[in-house]
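First comes the structure, then the notes that go with it.
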Amino acid sequence: MATRPGPLTEWPWQRMGNFKYLVMAPVVVHGAYRVMTKGWGDIDLAYSLILPSLALRMIHNQIWISLSRYQTARSKHRIVDRGIEFEQVDRERGWDDQIVFNGLLFYAGYLAMPSVRRFPLWRTDGAVATALLHAGPVEFLYYWFHRALHHHFLYSRYHSHHHASIVTEPITSVIHPFGEHIVYFTLFAIPMLSTVYMGNGSALVFVLYIVYIDFMNNMGHCNFELVPKWMFQVFPPLKYLMYTPSFHSLHHTQFRTNYSLFMPFYDYIYSTMDKASDELYENSLKGTEETPDLVHLTHMTNLQSAYHLRVGFASIASKPSDNSEWYMWTLWPLAWLSMVVAWIYGSSAFVVERIKLKKMKMQTWVVPRYNFQYGVTWDRESINDLIEKAILDADVRGVKVLSLGLLNQAKQLNGNGELFRQKYPKLGVRIVDGSGLATGVVLKSIPSDAKQVFLHTGTSKIARAVAMALCGRGIQVIMNRKKEYDMLKSQMPEDGASYLKCSSNDITKIWLVERIDDKEQRMAPKGTVFIPISQFPLKKVRKDCTYLSTPAMKIPDTMQNIHSCENWLPRRVMSAWHIAGILHVLEGWSVHECGDDMMDSEKAWSAAIRHGFVPLTKA
């Protein structure tokens with residue numbers, strides 16, 4: 001929203017949310033009526049392109065969003081080295097509004113101008129006229145309109161909404177108040193309407209002109225330099241006819257320079273070109289190699305998790321994964337296809353996120369596998385190969401710590417990472433499974449006045465550590481599985497063994513659980529507090545019980561570039577396993593935390609608090 005919103009700021013359908021696409025219903029109904037009454041032969045070329053072109057524009061924009069986020073996470077050609085926050089993602093959530101608006105206007109134009117219905121597929125003279133009219137009137141008028149928008153009166157009421165994004169993403173290009181978009185469409189309509197009235201318009205030229213506008217808009221706001229230098233060397237005048245991402249980036253950081261739409265020659269003519277344009281272009285192309293201090297290695301969970309990655313759908317990634325939108329079911333075919341492609345062609349982990357905490361640099365890498373694949377016995381070797389490849393890659397690059405997230409540290413898969421430490425005893429990168437901090441978070445989640453707890457399972461590394469710590473404090477730990485009880489009892493120190501009890505009759509309202517089915521949850525007394533000790537959340541079956549989060553903490557305010565949620569966790573909340581890797585770097589701990597080795601839980605917890613991480617619950 002602009003600092004002082006003026007008239008026509010809101011879109012007419014803004015309060016409709018994702019149901020805004022219903023405004024396109026007249027186009028669909030009209031087409032269906034024509035087909036039912038006169039047959040498919042009544043649908044002319046121009047009409048048949050309205051809806052498909054809108055869908056293709058959305059796909060085109062989404063490709064740019066994913067490409068930009070992927071490149072800014074891993075590329076050395078990043079232009080503005082600052083973070084994006086949730087506020088910007090929320091502000092830019094309506095990037096498709098202008099596509100819906102254009103669709104309605106194209107439909108209105110189709111109804112108002114009968115000559116459009118006789119459009120041929122292509123006319124070369126119309127394409128030339130469109131190019132000349134864009135380079136002339138459109139670029140000229142846009143330049144002066146843009147300069148006017150930077151006058152205080154218009155800037156505070158309209159254009160400041162767009163400039164709230166200092167670090168741009170492709171979709172930033174179309175984030176403007178409704179009133180601005182009316183003017184922009186009027187400008188872009190000049191070449192299209194002119195060719196209609198000159199009689200040399202064609203359907204494909206219209207479509208390609210819109211594609212050109214989208215392409216240049218997205219490229220200019222992608223925040224990484226991708227225009228190769230040889231293009232300007234082969235054809236020097238191109239620098240006046242095509243801007244670059246770094247050229248337009250200066251407009252968002254300096255505000256009073258580089259006003260041009262796509263062709264910078266008006267900035268040259270009127271002396272508004274930023275003097276740093278060429279230098280920034282050269283530096284961005286050259287780039288600076290960056291080695292992260294920490295790599296957090298995670299993987300995809302369910303089929304829809306691909307959309308929830310930072311490089312997926314921006315608005316979906318900015319919410320917890322269990323808060324799925326109603327329209328997600330329509331993407332199931334694409335989800336299955338992406339899973340198959342990842343399974344067949346996913347030969348290495350890929351970068352999805354880049355985070356900074358003061359001077360510390362972090363990346364998140366994703367193994368292209370899903371939860372169910374980790375349970376397939378014959379696929380475990382290939383998954384371990386992917387994890388091993390990521391560890392060795394991190395080691396070669398000089399990464400200090402690699403933390404294993406989710407099932408990448410599963411005991412049945414690689415012994416909590418011990419497989420890799422044994423195989424490569426001279427590893428420079430420290431392997432961290434995060435069990436020490438996870439144990440500390442679980443212990444701090446238990447009410448301080450608790451006298452007894454129920455431990456649903458005692459086989460995991462964290463369950464064992466939690467049980468030993470509680471028994472050591474004189475808190476009774478009750479189990480109801482004899483085999484697991486005997487196993488844990490044999491490992492329990494003598495001074496705490498008496499507090500471990502096997503019973504099916506004792507009732508307590510604090511349950512420490514890892515995996516528990518619906519039937520077992522219903523056995524808990526009313527008012528029970530379920531505390532997860534694994535990385536995966538519980539299915540909430542009971543409304544009369546309390547379900548705590550998986551072990552996690554709120555991150556410090558100084559942590560930058562956080563604009564996506566970590567799986568099912570709320571905004572700006574990070575899993576204990578991820579935080580543990582950060583602490584290893586910040587504290588300079590030089591030991592591995594994998595296999596049976598574990599950091600002291602109290603030490604890890606104290607370090608987390610000292611570095612600004614905040615508990616989700618107070619015991």
What I want to check is whether the side chains of [X] and [Y] have a donor and an acceptor closer together than 3.5 Å.
X	Y	answer
His456	Arg515	no
Ser68	Glu169	no
Asn505	Ser503	no
Glu514	Thr457	no
Ser382	Asp385	no

Are there more than 12 heavy atoms of other residues, nucleotides or ligands under 6.0 Å from atom [atom1] of [X]?
X	atom1	answer
Arg397	CZ	yes
Tyr499	OH	no
Ile609	CD1	yes
Lys554	NZ	no
Lys76	NZ	yes
Met16	CE	yes
Asp596	CG	no

Ion pair [X]/[Y], N-O distance below 4.0 Å:
X	Y	answer
Asp81	Lys361	no
Lys20	Asp96	yes
Arg74	Glu290	no
Arg430	Glu587	no
Asp486	Lys482	yes
Arg572	Glu85	yes

Next on the checklist: If the condition is ring pair (Phe, Tyr, Trp, His ring centres under 6.0 Å), which residues does His221 pass it with, not counting sequence neighbours?
Outcome noted: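 So His221 forms a ring pair (Phe, Tyr, Trp, His ring centres under 6.0 Å) with His162, His248, His252.
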Checklist entry - Looking at residues at least two apart in the chain, or sitting in another chain, which of them share a salt bridge (charged side-chain N to carboxylate O under 4.0 Å, His left out) with Asp395? => result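 Per chain and number, Asp395 pairs via salt bridge (charged side-chain N to carboxylate O under 4.0 Å, His left out) with no residue.
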Next on the checklist: Please enumerate all residues that pass salt bridge (charged side-chain N to carboxylate O under 4.0 Å, His left out) together with Arg310, with sequence neighbours excluded.
Outcome noted: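 Here no residue qualifies.
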Item to check | Proximity of Trp343 and Tyr370 rings by center, below 6.0 Å | outcome: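 Ring-ring flag for Trp343/Tyr370: false, centres at least 6.0 Å apart.
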Could you go through residues 470-478 and list every donor-acceptor pair under 3.5 Å that involves a side-chain atom there, pairing it with any protein atom two or more places apart or in another chain?
from	atom 1	to	atom 2	distance (Å)
Gln476	OE1	Gln452	NE2	2.9

Checklist entry - Only one of Asn371, Thr298, Val367 forms a side chain to side chain contact (heavy atoms under 4.5 Å, CB included) with Leu407, so which one is it? => result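 Option passing the side chain to side chain contact (heavy atoms under 4.5 Å, CB included) with Leu407: Asn371.
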Next on the checklist: I'd like to know whether Phe613 forms a side-chain contact (heavy atoms from CB on, under 4.5 Å) with Ile582, so could you lay out the CA-CA distance, the side-chain angles of the two residues, the decisive distance to 0.1 Å, and finally the verdict.
Outcome noted: CA-CA 11 Å; Phe613 292 92; Ile582 297 174; 4.2 Å; yes
Checklist entry - Distance-only, no hydrogens or angles: does the Thr72 side chain make a donor-acceptor pair with backbone N or O of Arg69 under 3.5 Å? => result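 At least one qualifying donor-acceptor pair exists.
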Checklist entry - Which pairs, with at least one residue in residues 572-600 and sequence neighbours excluded, count as a ring-ring contact (aromatic ring centres under 6.0 Å, His included)? => result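 ring-ring contact (aromatic ring centres under 6.0 Å, His included) check on residues 572-600 returns His296-His578, His584-Trp589.
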Checklist entry - Tyr374 and Arg380: which non-hydrogen atoms are nearest, and at how many Å? => result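 So the two residues come closest at O-NE, 3.7 Å.
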Next on the checklist: Please enumerate all residues that pass side chain to side chain contact (heavy atoms under 4.5 Å, CB included) together with Ala524, with sequence neighbours excluded.
Outcome noted: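 Counting only residues at least two positions away or on another chain, Ala524 forms a side chain to side chain contact (heavy atoms under 4.5 Å, CB included) with Trp511, Thr528, Phe530, Arg542.
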